Amino acid sequence: MGSNDKGNLLKKISEAATAGQFDAAAGIRESVLNSFSEAHHSKEYIKKYNVYKGLVEWKEIGLLLTYDISKPSKFDLTPFANAAKDYKKWMLMQPEILEISRSQATRVLVDNPPATLQIKVPKISLTFKTANSEATLTYSFTVLAYVTISPNHLVQIVPIKSWADNSSQLEKDLKKLLGEKQDSECIALQSVIRDIINVQLAARIGSFVQSIPLPEPLELLGDVAVRDLNVQIIENCLLITGQVGNAHQLIQKRPISMVQTINPPNLINGKISKNKEVVSDIKLLPFVEFNTKTLPSNDLFIFLSQRLLQALADAYLKVEDSDGKCSRFLGFIEGCYDWFLKLWGPKVTIKNADLLIDAEFSGGAGVKARAHTHCGPTPWISVAVKAVSGDNDARKVRLTSKFIVDKNKIIISAGPRPFILKWEVEGLIWPIDEIIEIILGVLNLCATAFIEFIGKKWTVKVVEMPDKFPGTGMEYIGGIERITNINGDIALLGTLQFKK
């Protein structure tokens with residue numbers, strides 16, 4: 001598949017997401033599935049007991065059959081012409097369906113086939129053993145299967161039909177194996193072997209196919225949880241899709257506290273404590289311009305729609321905090337403060353690989369003080385302030401969120417874009433410079449802490465690449481390497497090769 005086809009695939013996925021079909025998707029190419037099949041066969045085949053070897057015994061006729069799949073299977077994701085017809089035929093044979101086959105619901109069910117694929121087994125050797133003889137028959141076969149999501153959210157293959165790739169040659173080999181004799185004993189043996197190949201071995205093949213795990217790329221999502229999982233096969237790509245739920249469902253993978261305490265300032269002796277700023281090096285995920293003709297090859301991709309990114313902002317950027325405290329300072333002055341800071345209503349726009357977020361912001365604080373004299377305390381004197389972020393965008397705070405690489409994780413991390421906090425002073429202004437300095441120091445410390453809090457709060461692990469790929473238990477080489485923007489949707493692109 002050329003780069004043009006790969007770009008068109010991502011464009012189709014973006015269009016489907018825009019139409020509301022899903023909010024997140026993860027896809028892997030046919031080549032990745034075959035890389036997994038080769039690695040799985042390489043590691044499993046050498047074991048004494050594995051899914052590629054087995055035996056069946058018919059004691060009543062004294063026959064032992066062993067089968068050996070000595071070469072890895074190949075996945076074929078190209079459309080199969082008779083898939084819908086074969087699925088309907090298979091479906092109508094299921095016991096649950098037979099009971100209600102005349103209902104309208106059943107007709108709708110069987111007339112809407114799921115995503116199907118073919119598994120091609122290039123070589124299987126059947127060895128027939130009796131008390132007096134042994135013979136081996138070798139052929140290739142194909143399994144038609146559909147892909148679904150199991151009740152426990154695993155990607156699962158369900159076989160529909162299997163057949164020998166060259167049935168006429170298989171028949172010739174069978175006659176050659178049994179000789180040209182046409183006596184009743186030989187005819188009966190031929191009938192048994194045909195039944196074994198076409199019926200009983202087919203059931204074993206079904207079990208074999210269902211024993212092969214499939215990669216689950218959507219499980220790479222880190223803190224993000226999606227629901228209503230579905231499987232599609234588009235242009236030789238296995239695609240797992242999902243939709244976002246409410247804020248609680250979306251972030252259920254990692255329990256978080258929606259309120260984080262800001263360290264209160266210290267007013268003792270008029271001294272204000274400040275936290276040291278910690279700056280760490282970051283590595284941004286490289287951005288590549290989306291172009292259907294020049295988009296780089298990608299074996300693995302994760303698609304994040306605008307709706308998903310907005311839902312994440314709604315879940316994480318709805319925060320509120322407040323505090324208050326009373327202290328004595330300067331020996332004879334009693335002072336109290338209280339403050340509140342709030343962030344809500346984030347609106348996300350996407351520019352290249354950046355998430356530009358505008359959110360409603362409000363903050364305020366009040367300070368009151370009185371002096372203690374030998375005649376008793378004086379009346380309270382108070383000052384209150386409100387924080388706004390500018391004349392034109394009052395109460396707006398702006399953040400820029402970027403996709404950052406942290407070892408095997410891709411993280412969305414936000415920091416505030418530059419803006420100026422303005423304070424509106426209410427109440428009485430004290431003619432005591434030292435007290436004014438303390439008051440403004442308290443307020444600015446609260447604001448600074450809250451701005452830092454915003455940046456720390458908006459940190460979401462969107463992708464985590466474990467040592468073994470989800471669903472397979474297999475090690476691999478590669479990972480997410482680039483990011484692109486498709487009409488405002490984000491696609492994370494990578495390479496993937498399983499280790500043998």
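Any value given below was found using the heavy atoms of this structure, including those in side chains, with hydrogens, waters and symmetry copies removed. Only a predicted model underlies this, so the values are computations on that prediction, with no experimental measurement involved.
Side chain of Asp23 to main chain of Gln243: no donor-acceptor pair is present (N/O by atom type, distance under 3.5 Å, no hydrogens or angles). With Asp489 contributing its side chain and Gln306 its backbone, the two residues share a donor-acceptor pair below 3.5 Å. Remark: the backbone N or O of Lys53 is not paired with any side-chain donor or acceptor of Asp68 at under 3.5 angstrom. A side-chain donor-acceptor contact under 3.5 Å links Gln310 to the backbone of Val348. Thr472 places no side-chain N or O within 3.5 Å of a backbone atom of Pro215 that could act as its donor or acceptor partner. Between the side chain of Ser401 and the backbone N or O of Ile412, no donor-acceptor pair lies under 3.5 Å. Formation of a donor-acceptor pair under 3.5 Å by the Ser35 side chain with backbone atoms of Ser31 is not found in this model. One N or O on the side chain of Arg307 and one on the backbone of Ala17 form a donor-acceptor pair closer than 3.5 Å. At least one donor-acceptor pair under 3.5 Å links the side chain of Arg227 to the backbone N or O of Val244.
Side chains of Asp165 and Thr142: a donor on one and an acceptor on the other come within 3.5 Å. Looking at Thr400 and Asp354, their side chains never bring a donor and an acceptor atom within 3.5 Å of each other. For the 3.5 Å distance criterion, the side chains of Glu30 and Asn236 qualify, holding a donor opposite an acceptor. In this structure, a donor-acceptor pair under 3.5 Å is present between the side chains of Asp173 and Gln169.
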Quiz item: After noting the C-alpha distance and the side-chain angles of Ile350 and Leu356, does the key distance pass the side chain to side chain contact (heavy atoms under 4.5 Å, CB included) rule?
Solution: CA-CA 6 Å; Ile350 302 172; Leu356 308 181; over 6 Å; no

Quiz item: Does the side chain to side chain contact (heavy atoms under 4.5 Å, CB included) test come out yes or no for Phe301 and Leu492, once each step is laid out?
Solution: CA-CA 5 Å; Phe301 63 86; Leu492 308 175; over 6 Å; no

Self-check item: Residues Lys74, Glu38; criterion salt bridge (Lys or Arg N to Asp or Glu O under 4.0 Å); working and verdict
Solution: CA-CA 8 Å; Lys74 293 286 185 181; Glu38 291 173 5; 3.1 Å; yes

Self-check item: Evaluation steps, side chain to side chain contact (heavy atoms under 4.5 Å, CB included), between Asn408 and Glu464
Solution: CA-CA 6 Å; Asn408 64 333; Glu464 183 171 14; 4.2 Å; yes

Exercise. Starting from the C-alpha separation in whole Å, work towards a yes-or-no answer on side chain to side chain contact (heavy atoms under 4.5 Å, CB included) for Ile486 and Ile13.
Key: CA-CA 10 Å; Ile486 315 166; Ile13 292 172; over 6 Å; no

Quiz prompt | salt bridge (Lys or Arg N to Asp or Glu O under 4.0 Å) evaluation trace for Glu15 with Lys12 | solution = CA-CA 5 Å; Glu15 291 169 351; Lys12 287 181 180 179; over 6 Å; no

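Leu170 CG to Tyr139 OH: the interatomic distance, rounded to the nearest 0.5 Å, is 6.5 Å. Here the NZ atom belonging to Lys409 is positioned 12.5 Å from the CE atom belonging to Met465, to the nearest 0.5 angstrom. To the nearest 0.5 Å, the span separating CG on Asp228 from OG1 on Thr241 amounts to 9.0 Å. Atoms CZ and OG, on Phe141 and Ser167 in that order, are 15.0 Å from each other to the nearest 0.5 Å. Atom-to-atom distance recorded for Leu65:CG and Phe128:CZ is 5.5 Å, nearest 0.5 angstrom.
Annotation for Asn50 and Tyr45: closest pair ND2-O, 3.5 Å, computed over non-hydrogen atoms. Across every non-hydrogen atom of Ile124 and Tyr67, the tightest pair is CD1-CB, 4.2 Å. Considering all non-hydrogen atoms of both residues, Asp86 and Phe80 come closest at OD2-CE2, 3.5 Å. Heavy atoms only, all atoms of each residue included: Gly471 and Glu216 are closest at CA-OE2, 3.6 Å. Considering every non-hydrogen atom in both Tyr87 and Ile160, the closest pair reads CD1-CD1, 3.9 Å.
Using bins of under 30°, 30° to 60° and over 60° for the plane-to-plane angle, the ring pair Phe22/Phe303 lands in the perpendicular bin.
Residues Met474 and Phe469 have side chains not in contact (no heavy-atom distance under 4.5 Å, counting atoms from C-beta outward). Side-chain contact between Lys129 and Leu55 is absent, with no heavy atoms from C-beta onward closer than 4.5 Å. Looking at heavy atoms from C-beta onward, Ile119 lies in side-chain contact with Ile157 at the 4.5 angstrom threshold. Here the side chains of Pro466 and Tyr476 are in contact, with some heavy-atom distance below 4.5 Å. Counting only heavy atoms from C-beta outward, the side chains of Val231 and Pro114 never approach each other to under 4.5 Å. Counting heavy atoms from C-beta on, the side chains of Thr18 and Asn487 never come closer than 4.5 Å. Counting heavy atoms from C-beta on, the side chains of Ile480 and Phe403 never come closer than 4.5 Å. The side-chain heavy atoms of Ser168 and Asn166, taken from C-beta on, include a pair separated by under 4.5 Å.
Among residues two or more places apart in sequence or in another chain, the side chain to side chain donor-acceptor pair (under 3.5 Å) test is passed with His40 by Tyr52.
Counting heavy-atom neighbours within 6.0 Å of Lys120 NZ, excluding the residue itself, gives a total above 12.
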